[in-house]
Amino acid sequence: MTENHTTPQRPELPPSWNPTEVEGELYRSWVDRGYFTADASSDKPPFTIVLPPPNVTGSLHVGHALNHSVMDALTRRRRMQGYEVLWLPGMDHAGIATQNAVERDLAHSGMSRHDLGREKFVERVWEWKAEYGGRILDQMRRLGDGVDWSRERFTMDEGLSQAVQTIFKRLFDDGLIYRAERIINWCPRCQTALSDIEVDHSDDDGELVSIRYGEGENSIVVATTRAETMLGDTAIAVHPSDERYQHLIGTEVEVPLTGRRVPIVADEHVDPEFGTGAVKVTPAHDPNDFEIGQRHGLPNLTIMDGRANITAPGPFEGLDRFEARPAVVAALRDEGRVVAEKRPYVHSVGHCSRCNTVVEPRLSLQWWVRVEPLAKAAGDAVRDGRTTVHPPEMTKRYFDWVDNLHDWCISRQLWWGHRIPVWYGPAGEVVCVGPDEEPPTGEGWYQDEDVLDTWFSSGLWPFSTLGWPAKTDDLAKFYPTSVLSTGYDILFFWVTRMMMFGLYAMDDAQPFDHVYLHGLVRDANGKKMSKSVGNVVDPLEWMDTYGADATRFTLLRGANPGSDLAVAEEWAAGSRSFTTKLWNATRFALSNGATTDRPVPPREELTDADRWILDLLDQLVSDVDEQFEAFQFARVCEALYHFTWDEFCDWYLELSKVQIAEGGARAESTQAVLGHVLDVVLRLLHPLTPFVTETLWTTLTGGESLVIAPWPTTTGAERDAVAAERIDGVKKLVTEIRRFRSEQGIKPSAKVAGKVRGACCVDLADQVPSVRSLTRLTEPGDEFAVTVQLEVALAKGAVKVELDTSGAIDVEAERKRLSKDLAVAEKEFAQTGAKLNNPAFTDKAPADVVAKVQGRRDAAAAEIERVNARLAALPQA
RNA sequence: GGGCGCGUAGCUCAGCGGAAGAGCACUCGGUUUACACCCGAGCGGUCGCAGGUUCGAACCCUGCCGCGCCCA
């Protein structure tokens with residue numbers, strides 16, 4: 001190693017990278033220096049991402065970690081590219097989840113929210129939020145999220161609440177919000193209505209009971225999984241063209257156990273193929289039955305209360321629905337009305353997405369959004385290309401959704417949330433109050449008790465967070481936002497609602513230009529993670545063990561568009577190895593005088609190895625850019641990993657040792673190339689692994705911070721094909737010699753005397769010292785005695801390597817090695833020969849393809865000849 | 001039932017018309033002055049099955065068989 005006195009000394013890197021010791025402080029310094037604070041008055045082009053607001057009760061799970069890694073990578077790259085970047089963080093108030101959390105706490109002290117009263121309870125929730133809410137925000141800091149903390153928002157903030165009231169009023173005045181009595185999804189535990197997407201369906205074991213209504217030839221059999229609802233039946237329905245029941249249509253039957261007589265109606269909706277083709281109709285407890293009821297003017301008979309206890313007078317009154325079910329079946333059985341019972345009967349059952357209670361369809365007066373015009377606009381924005389969905393396969397799913405959206409139930413029977421801004425008057429008046437208006441006062445006036453669905457406020461997020469409805473500088477600068485990133489399972493939650501509201505509120509300007517949908521994170525075997533299975537990965541544990549960079553890199557490396565990703569601890573360990581490799585490579589380069597203080601010398605002064613690695617680097621920059629633009633994060637990672645490890649570390653660093661050992665100008669130019677390549681690679685890696693790259697880069701360059709360093713661009717230099725071919729030759733030659741050594745059992749550290757002959761004939765004369773160095777060949781001395789010859793076929797011809805292995809070689813091992821080479825060559829010769837002997841191929845395939853195959857056959861033929869000669873020359877066993 | 005997607009090395013996945021790839025795992029060797037979180041060498045695949053198109057198919061088309069997800 002030569003000492004270089006022209007290079008100022010950089011602080012030395014510690015021998016190993018200890019992420020947990022460094023990451024926190026680095027992150028604080030970035031925030032303190034204001035790198036993540038956006039400037040609305042900037043002239044730079046904007047790049048905006050609003051964080052899909054996590055739940056205030058939540059903590060960072062591995063799906064978040066992936067999504068945040070994506071958003072951080074996108075924003076960090078744009079920042080380096082010179083954009084005015086705003087990544088806006090915050091949380092939503094999670095109406096049901098938060099209220100549940102606080103109610104649970106209250107229950108510990110034997111209280112319910114009703115004991116406190118509404119006002120006090122809401123106060124308590126705010127206190128809860130201050131104390132426990134927002135754990136996830138600290139976890140975001142751990143991960144390195146470059147968010148603008150000065151713009152952090154919460155859906156219940158004053159400004160955002162005003163946005164909610166504003167849009168409610170506007171929609172109300174436009175006739176897009178209305179109040180109606182319909183069947184809604186009711187959670188008997190949370191005591192509130194739910195929208196369709198807050199209900200999770202699963203196939204559960206139930207029962208299918210067939211019940212005979214009526215007597216004799218006027219009887220009719222219906223099957224049901226919810227026998228207890230028969231107490232609320234107000235009709236039987238059959239398909240109008242079902243011949244079996246023509247004689248019954250228009251007649252009446254008695255509903256067993258109730259004595260109530262109900263009509264048999266004909267309705268197109270009934271599926272004659274299912275069961276007996278006849279269904280019981282319970283309009284107040286089933287959405288389909290409700291519609292049948294509407295069509296036929298049937299009464300809606302409610303037989304359960306909000307707790308799902310039976311209210312129908314009689315022996316079942318007061319029973320819970322699940323107690324009532326067997327009781328009703330038993331009573332029917334006693335009357336001889338049960339025709340068949342099937343258990344278990346697997347069928348789809350809806351559950352509350354917050355507490356998993358079985359949802360009860362319930363007739364109820366609620367507030368609704370008429371989504372049709374909004375959904376149409378949301379579809380059009382994607383159809384017109386104003387918003388692009390990545391990956392494109394998801395676009396169809398988006399259309400299917402927005403084109404078939406039911407009206408949205410937005411009222412919730414909760415206390416925590418935005419209260420519906422509607423007042424009712426003593427004479428039946430209904431007044432919607434805007435944010436700048438005074439609600440009506442006086443005798444008999446009162447406000448609607450309900451609050452709005454949390455999604456109603458988070459649907460405004462892309463613009464309410466920027467100050468809307470005020471015409472703020474932020475809104476002007478940063479809306480429409482650039483990318484919305486989320487898991488494809490959340491497509492219908494965030495994306496569609498934000499699209500509908502964004503287009504409506506912002507004069508048809510889309511809320512985001514791109515929607516990126518990542519896959520779900522699964523365990524090592526591709527299984528869904530679940531707490532009960534115990535295969536959940538905690539990203540915080542990974543960060544503790546392997547560092548934030550390795551955690552991020554692992555997730556991004558698996559992020560192939562449209563597909564889920566499997567991860568396991570080994571993956572994270574592999575990513576840590578990569579950061580360690582990068583660390584050691586930089587440490588090596590620095591200890592050998594690598595520098596960015598001197599420019600890379602002009603090309604003609606560089607070696608083939610220099611030009612080769614610089615050309616690869618140029619290609620890398622362009623690949624990384626291309627893949628970033630296409631949201632192909634796995635490919636970005638792969639390209640950088642491959643370049644860094646397999647090309648730069650495995651070959652260039654080794655070759656640079658030879659060049660540095662030369663000393664003088666050669667050493668100096670090599671140091672500049674080393675410095676330059678590392679500088680660029682660290683920049684390219686920074687969006688993925690910000691911490692380790694920042695540490696290495698500031699040490700290497702003395703720069704202020706990689707966060708604000710410019711993003712690399714391609715040089716446009718013409719690729720040096722000759723240098724590339726020479727380095728390929730070196731790699732091939734080195735690998736073949738190493739292979740021989742390995743198979744001969746020569747220790748890697750053992751020096752072997754050898755000669756390389758014929759290098760000049762294949763244009764590799766200058767590379768011989770490198771080859772010797774990488775294969776530990778020593779100069780042949782006076783006693784040099786060739787014990788073995790290798791011949792290595794390269795692009796321009798064969799190179800002969802003569803070795804003195806100090807004694808007999810292992811003939812069998814050598815025969816095995818050569819036989820393998822022969823088999824490969826013969827297979828190649830046969831395959832290429834078959835092609836070339838096929839006139840259809842030579843006639844129809846493009847000339848360059850034919851020429852290529854010809855070249856391969858010739859090379860194979862030469863190789864066969866060479867290997868056969870070597871085999872023949874081996875001593876007989 | 002409708003839609004989307006997936007079946008490629010032991011595992012997880014790239015490749016999507018002209019020579020089968022990566023990471024991890026595995027085998028052998030290694031105190032090589034950046035790195036054992038490493039280095040070197042190696043093993044491992046009729047690319048789900050069957051047809052078709054093409055000079056040529058893992059890749060395009062059709063059917064089938066498995067698996068996953070979304071919607072009803």
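Naming: A, B, ... by sequence-line order, numbering from 1 per chain.
- At a cut-off of 3.5 angstrom, the base of B:rA19 holds at least one donor-acceptor pair with the side chain of A:Arg856.
- Set against B:rG23, B:rA19, B:rC11, the side chain of A:Tyr641 has B:rG23 as its closest nucleotide.
- Going from atom NZ of A:Lys820 over to atom C1' of B:rC28 covers 12 Å, rounded to whole Å.
- Minimum atom distance to the side chain of A:Lys747 is reached by B:rU31, of the listed B:rG42, B:rU31, B:rA34.
- At a cut-off of 3.5 angstrom, counting only N and O atoms as typed in the model, there is no donor on one side facing an acceptor on the other between the side-chain of A:Gln744 and the base of B:rA41.
- Protein atom CG of A:Leu640 is 15 Å distant from nucleotide atom P of B:rG23, rounded to whole Å.
- If you check distances only, the side chain of A:Ser577 never reaches the base of B:rC37 with a donor-acceptor pair under 3.5 Å.
- A donor N or O paired with an acceptor N or O is not found under 3.5 Å between the base of B:rC4 and the side-chain atoms of A:Lys396.
- You won't find any donor-acceptor pair under 3.5 Å spanning the side chain of A:Arg397 and the base of B:rC4, going by distance alone.
- Closest approach to the A:Asn838 side chain among B:rC39, B:rC35, B:rC55 is made by B:rC55 (side chain taken as heavy atoms from C-beta onward).
- Here the side chain of A:Tyr488 is nearest to one of B:rU12, B:rU32, B:rC69, namely B:rC69.
- With respect to A:Arg739 and A:Glu743, a salt bridge is recorded, a charged nitrogen being found less than 4.0 Å from a carboxylate O.
- Between B:rG40 and A:Thr735, no contact under 4.0 Å exists linking OP1 or OP2 to a side-chain N or O.
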### Task
Take A:Met499 and A:Val515 through the side chain to side chain contact (heavy atoms under 4.5 Å, CB included) test and state the conclusion after the steps.
CA-CA 11 Å; A:Met499 282 291 272; A:Val515 174; 5.7 Å; no

